[in-house]
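Notes follow once the structure below has been shown.
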Amino acid sequence: MTVIDQIIDSPRLPQYVKELKQVLVDERRRRQQFFEHVTEEQKAEFINGRIVVHSPVRLEHNAASFGLAKLIGAYVEKHALGFVGHEKLMISLTRNDYEPDICYFKAAKAAKFKPTQMKFPAPDLVVEVLSASTEKIDRGIKFEDYAAHGVDEYWIVDPSKRTVEQYRLSGSRYTLEHKLKTGSIRSEVIEGLKIPVRAAFDAKENVKALVAIVGT
């Protein structure tokens with residue numbers, strides 16, 4: 001029996017419903033305050049009613065995030081496949097607001113974006129680079145929330161172990177397609193995109209991969 005089944009079968013159901021409605025009312029108020037006070041200088045997210053302000057990242061995190069963003073962005077722009085956001089794009093889902101390290105939107109979705117837009121819908125692909133302070137969130141609430149909102153592909157990048165995990169949506173849940181330390185990762189969502197795993201962690205390999213994408 002699931003938690004929902006237990007609540008439905010409980011004689012306290014009306015009380016639980018009332019309490020849950022009040023929780024959501026309070027949460028919506030805090031969420032509005034979050035949008036009113038968050039600044040462009042902050043990397044902050046609104047998760048389950050709480051404001052999460054992230055600390056500065058390690059060099060290895062920044063290098064992996066920026067390196068992958070360059071490669072994915074260059075490929076998408078070259079082939080006019082949509083839009084790639086990096087670091088400071090706010091993804092607003094039903095309950096939570098995230099700023100993924102990298103996110104990709106297919107062309108049809110991206111065509112609706114406006115230059116002054118500050119909140120964006122669920123992407124088609126999200127890449128999160130792990131750090132000690134974010135791993136629990138990236139593998140927990142974000143993992144569940146991205147899947148629930150139809151993000152077709154999710155990469156989890158570990159700069160310390162130099163691995164890339166590729167998850168694909170199966171129904172409403174993610175399944176692990178590959179966990180790679182060598183070789184190449186091929187996106188299922190971005191048609192034709194293939195990136196050497198080492199290019200995410202090695203500057204020279206990143207340059208080689210970038211040249212292969214854009215040409216000399």
Side-chain angles (χ1 to χ4, degrees), residues 40 43 57 59-93 98-131 138 142 146-147 149-159 161-170 174-216:
E40 293 183 3
K43 182 169 177 65
V57 298
L59 178 60
E60 63 181 6
H61 181 289
N62 180 264
S65 175
F66 184 57
L68 280 172
K70 283 192 298 181
L71 298 177
I72 297 172
Y75 183 87
V76 168
E77 287 186 9
K78 180 178 180 179
H79 298 281
L81 295 175
F83 173 74
V84 176
H86 181 234
E87 290 284 342
K88 291 296 295 173
L89 215 65
M90 182 69 75
I91 305 303
S92 286
L93 305 183
Y98 306 115
E99 290 188 339
D101 290 306
I102 305 168
C103 55
Y104 160 73
F105 302 87
K106 290 183 178 179
K109 191 179 294 184
K112 300 176 183 178
F113 296 164
K114 300 176 181 178
T116 57
Q117 189 166 332
M118 295 183 68
K119 298 180 186 178
F120 294 84
D124 296 291
L125 177 146
V126 166
V127 180
E128 294 285 8
V129 181
L130 298 180
S131 63
D138 294 337
K142 286 188 177 183
Y146 290 151
H149 285 83
V151 178
D152 286 327
E153 191 169 347
Y154 184 31
W155 296 4
I156 295 180
V157 179
D158 189 328
K161 297 179 180 178
R162 296 197 164 199
T163 59
V164 180
E165 298 168 32
Q166 180 185 30
Y167 295 88
R168 285 299 313 278
L169 199 60
S170 177
Y174 284 128
T175 58
L176 179 62
E177 294 287 311
H178 304 284
K179 183 174 181 178
L180 302 168
K181 196 176 182 72
T182 60
S184 297
I185 182 167
R186 186 189 302 271
S187 174
E188 299 292 335
V189 170
I190 306 176
E191 184 179 356
L193 176 67
K194 184 180 178 181
I195 296 176
V197 173
R198 288 182 60 195
F201 312 109
D202 183 288
K204 291 182 179 179
E205 293 298 324
N206 189 273
V207 171
K208 289 181 184 178
L210 187 60
V211 169
I213 290 173
V214 302
T216 57

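Between Phe66 and His86, the two ring planes are tilted [angle within 30° to 60°]. Using the six-membered ring where Trp is involved, Phe113 and Phe83 have ring planes that are perpendicular, over 60° apart on the 30 and 60° scheme.
Taken from OH in Tyr174 to CG in Asp152, the straight-line distance is 7.5 Å, to the nearest 0.5 Å. The CZ atom of Arg162 sits 13.0 Å away from atom OG1 of Thr182, with the distance rounded to the nearest 0.5 Å. The CD1 atom of Ile185 sits 4.0 Å away from the CH2 atom of Trp155 when rounded to the nearest 0.5 Å. To the nearest 0.5 Å, the span separating CG on Leu193 from CD1 on Ile72 amounts to 6.0 Å. Remark: Glu87 CD to Asp101 CG distance equals 5.0 Å, nearest 0.5 Å.
For Lys208, the side chain to side chain contact (heavy atoms under 4.5 Å, CB included) partners two or more places apart in sequence, or in a different chain, are Glu205. Partners of Ser187 under the side-chain hydrogen bond (donor to acceptor under 3.5 Å, both in side chains) rule, at least two apart in sequence or in another chain, are Glu153.
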Walk me through whether Glu128 and Tyr146 qualify under side-chain hydrogen bond (donor to acceptor under 3.5 Å, both in side chains). CA-CA 11 Å; Glu128 294 285 8; Tyr146 290 151; 2.9 Å; yes
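Looking at every heavy atom in both residues, Asn206 comes nearest to Ala199 through ND2-O, 2.9 Å.
Judged by distance alone, the side chain of Glu77 and the main-chain N or O of Val84 form no donor-acceptor pair under 3.5 Å.
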